[in-house]
Structure formats: C-alpha cells, structure tokens
Number of protein chains: 2
Amino acid sequence: MKVAHPAGLRPRKTPRQARSEATVDAIFEATIQVLLTAGARRLTTTRVAERAGVSAGTLYQYFPHKQALLYAVLQQHLETVVQAVEAVCRKCQGQPIARMADGLVTAYVDAKTTRADASRALYLVAAELDTADLLDSISKRIHGATAALLASAEDATFDDLPAVTFTLLAAMAGTVRTVFERSATPHMLLVLRTQLATLCQAYLQAVAAKQAAPPVRRASSGRKVLLPTT
Amino acid sequence: MKVAHPAGLRPRKTPRQARSEATVDAIFEATIQVLLTAGARRLTTTRVAERAGVSAGTLYQYFPHKQALLYAVLQQHLETVVQAVEAVCRKCQGQPIARMADGLVTAYVDAKTTRADASRALYLVAAELDTADLLDSISKRIHGATAALLASAEDATFDDLPAVTFTLLAAMAGTVRTVFERSATPHMLLVLRTQLATLCQAYLQAVAAKQAAPPVRRASSGRKVLLPTT
DNA sequence: ACCTGAACACCGTTCAAGT
DNA sequence: ACCTGAACACCGTTCAAGT
C-alpha cells in the first residue's frame, strides 16, 4: 500500500537491499515490543535500537526522528482498521440499517481486539505525535465508505447524511476508545459489543427519514425490535 | 475540594504562606499557558518555571516531577466536568429520559466548550500520565450520579442499569472527545450537540424495559418523537 | 550501501547555599 | 520557610569513520 507521508514524517530512506529491509522490520517489531513491555513514556530510541540489535545511528538512517518511527507504527495499525471497515461496507451494501450497524460495530471492535494491547499502547503514543493529518486522511476514508454504505440502505434514507455518518463514527470510535483505554475486561468487551450495536441501531432508526419497506416487526409496546447482534 | 492523591503524584508540599500560594498559582497558570502556546511536546519544566517567574528548583519544591504537575492541572479540569454532570443529575431527577439525555449532553459539551483549547491540550497531556486511577475515580463519580439519575426516570426502567449507564457515558465522552481532538469547528459543535442528544435519547428508549407512562406522542410512522434539544 | 559509536545539545531532577 | 542556580544523568540526534 502506498501512502502519502506528510512533510518531515517520511521515512528517511527506502530499504533497497535485503539486509536493510530486515533492519527496518526489526526496528518496527522492536518498537511494538518496547511499547508493550516498557510503556510509552519509557520508549526511547536507544532502547528500540538496542532491542532491534542495531545502533542508534542506524535507526536514524531510516527514520528522521522518534516521531516518524511511531508515526509509521501507528499508520500500519490504522490501515488495518480502515481496511476492516471498508470490507464490511462492501459486504453490507443494500442491507437494512440494523445489519449495517451490527457489521460496523463488529468490524471495528474486532479490529481493535486482535491486537488489543498494541491498540492501547498506540492510543497513548498517538497523543505525542502530530497526527492531525494522518487521522484526517484515515477519517475521510472511513467516512466515505460509511456514507456510501448508509446511502444504500434498503429500509431508510437520511436527510443529513454527512452529519449522521459523522456522529455514528464518532460515537463508535469514541466509545471503543474509551473502553480500550482502561484495559478492557472480557466482560466489558461483551457489554461493548452488544450495547454499542444497540446504540448504533437505535440512532440510525431515530434519524432515518423514511423506511422504504418495514422488514422489522414491531413489538406491541411500540419499541423497535432490534436484530440480534451476530 | 479534597481529593485523594495516588502515591507519588501527591504535590510535594502544601503552601502555608501567602508567598508560596502565589507561587503555586503562578506555576499552575503558567502550565496551561505553555500548553496552549508551545504544545504538549514542548512543555518542559524549565519553560513552565521560566514563564511562572520562578526557578526550576522552586517548581520541584511543590511537584515531585513533571507528571505530578500535569496531573494536578488535569485533575482540576476533570473536577469541573464532574461537578457539571452531578449538577445536571440533581436537576433532572424524575424527569423523562429524553430530557435526561438532553441535560447530560448539554452539560458535558458545555463543560468542554468553556475551555475548549485547554480541553484539547489536556487530552494530549493525559496520555503521557499514569491517569488510570484518576480517571477511575472520576468515572465512578460520574457513573454513580448518572445511574441514580436514570433509575429515577419517570417513563422508563432499565434491566441492566450498569451496562446502560456505562455505554451511555462511554458514548458521550468518546464522541465529545473524538470531536474535540480535531479542533472542532463551530459547525461541528452544533452537529455534535443536536446529533449526540438524538443518539442518547434513541439509545435510552431502545433499552428501556418499560414505559411507566407514555408522555411522548408517537408519529404515524411509528418512529419516536424526540424532544427538542433545548 | 549500510552500519557504528563517540559526541553534542537539551531536559528532568537534585541539592548545597542563600534570604 | 522559601527560593536559587549550578550540577548530574539521560535522551534525541548527528557525523566522521569504518565494512
């Protein structure tokens, strides 16, 4: 995958030989390891270089400064999340909004759960970086995919699609983040999955401008019947 | 307000004379100023001391390390938020859930908006700190107040009150945070207020176990009529 | 091409000496 | 009691010298 790097955060040189490629991989892996074992505050370039088995100078041959290194690691992680969201957006095209909400929540939580510890470490690291542009570009891709998904809903249209998409994603991302930042217990993760799905479904149904076809039975109380969280 | 400080983050000494009290105030204010003008990464103890007009040694007389200083500033900000939430929880006792949702969202967003720039700076700073215990204690107070509020709802009860409270708050806090972290435009703030209120109302109505009295008219489509966001 | 490691500037933190 | 500022350890970053 080719990504535009903002000025100053571009890796210093691209490895052209097998040896240097191995070096970069080692530095990369070492960064995650140090992050996980020593924590964000004790992550020093010296420590990373040592763990990767190279000298400090070598590290700086590939990354102009510590920020660029962390940026690269963060970028890889976010790329995983984006691709998971994009995949689910393709998969759920044209389905009812309840299924879309389920799909998005599942994709998002899964993507974070696979490397929950790294996720947590990276949330912390992200703050020490100038990540505005990276987050912007990632957000735009997620926003685009999600807006297209919602527009294709079988049972609803939305008056203000950008605002709805924006809010839905901010709520999802924010809720997941809030939970993961406090090293989530398995129980919290379970609650998160079911409740967040309910929340997203409820929101989408509340702001739906029309329901093209009513494929969802209603309970006598008048409350919505929510699809099961698959 | 008296707050328990976790071991190691306690201010080193309590000012007992007018002179030293002024010193601490100056350090405190200088920290926020440096945070706002220089940013989190360029916030150094030297810079703070300089801006406060004291020597580095003096700063370390009151705070055992940089973390403790930032911790104190963060703590003050969070205290403001908690008190705003607690106030609105008292005010909305016994009202319908739609009004509660509105009240909570308004209180939360207002609390963040009053010092939006400091808020943003502090989100960044929080990551460099060991804030688990502080956030835990703040969360518990907010959770307690909110759970009590929801339990008093005029038109609903909840099967799993802790899970509902937990999710509602994580969604609110997370959404607000996500928006504020990208220096929110006035337009985004407006969208945030209205949409987040809708989202919280929709969620609470979706998980309400019963509606004691139906004071809310229903639209012919079967969708909920949401109370206006005051 | 790629790597090393001594060297430099700067930051967090301390402490003996001042008022 | 409170404050100063020189001093120390450590970290980010560089660069001349090696293979």
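Basis for what follows: all heavy atoms, side chains included, without hydrogens, waters or symmetry-related copies.
Between B:Arg41 atom CZ and C:dC10 atom C1' there is a gap of 15 Å when expressed in whole angstrom units. In this structure, B:Phe63 places its CZ atom 15 Å from C1' of D:dC2, rounding to the nearest Å. If you measure from atom CZ of A:Arg42 to atom P of D:dC10, you get 15 Å, rounded to the nearest angstrom. When rounded to the nearest whole Å, the span between NE2 of A:His65 and P of C:dC10 equals 18 Å. Rounded to whole Å, the distance from CD on B:Glu50 to C1' on C:dG12 is 16 Å. Note: CG (A:Leu59) to P (D:dT13) measures 9 Å, nearest angstrom.
Here the side chain of A:Thr58 is nearest to one of D:dT13, C:dC11, C:dT4, namely C:dT4. In this structure, of D:dC3, C:dT13, D:dG12, it is D:dG12 that holds the atom nearest to the side chain of A:Tyr60. When the nucleotides D:dC11, C:dC2, D:dC3 are ranked by their closest atom to the side chain of A:Tyr62, C:dC2 comes out on top. Comparing C:dG12, D:dC3, C:dC2 against the side chain of A:Ser20 picks out C:dC2 as the nearest. For B:Gln61, the listed nucleotide lying nearest its side chain is D:dC3; candidates were D:dC3, C:dT13, D:dG12.
Taking a cutoff of 4.0 Å between a charged side-chain nitrogen and a carboxylate oxygen, B:Arg193 and B:Asp102 do not qualify as a salt bridge. A salt bridge links A:Glu181 and A:Arg177; the closest N-O separation between the charged side-chain nitrogens and carboxylate oxygens is under 4.0 Å.
Side-chain contact, A:Glu29 with A:Gln33: a donor N or O sits under 3.5 Å from an acceptor N or O. Under 3.5 Å, the side chains of A:Thr23 and A:Ser20 contain no donor-acceptor pair of N or O atoms.
In DNA chain C, runs of at least 3 stacked Watson-Crick or G-U pairs (N1-N3 plus N6-O4 or O6-N4, or N1-O2 plus O6-N3, all under 3.5 Å) give these stems: C:4-8 with D:12-16, C:12-16 with D:4-8.
A side chain to side chain contact (heavy atoms under 4.5 Å, CB included) with B:Ile142 is found for exactly one of B:Leu104, B:Val85, B:Thr165, B:Leu78, namely B:Val85.
Note on A:Ser55: a base of the nucleic acid sits closer than 4.0 angstrom, heavy atoms only. Note on A:Leu43: only backbone sugar-phosphate atoms sit closer than 4.0 angstrom, heavy atoms only; bases stay farther off.
Checking the phosphate oxygens (OP1, OP2) of D:dC11, no side-chain nitrogen or oxygen of A:Thr44 falls inside 4.0 Å. Taking 4.0 angstrom as the limit, B:Thr23 places a side-chain polar atom (N or O) nearer than this to OP1 or OP2 of D:dC3. Taking only side-chain nitrogens and oxygens, B:Thr45 comes nearer than 4.0 Å to OP1 or OP2 of C:dG12. Contact annotation: A:Arg47 reaches the phosphate of D:dC11 (side-chain N/O to OP1 or OP2, under 4.0 Å).
Considering only heavy atoms from C-beta on, B:Leu70 stays 4.5 Å or farther from B:Phe63 through its side chain.
Between A:Ala163 and B:Val191, the shortest heavy-atom distance links the atoms CB-CG1, 3.9 Å.
Rounding to the nearest 0.5 Å gives a distance of 4.0 Å between OG1 of A:Thr146 and CG of A:Leu169.
Looking at which nucleotide of DNA chain D each of A:Lys66 and B:Gly57 is closest to, the 5′-most match is held by B:Gly57.
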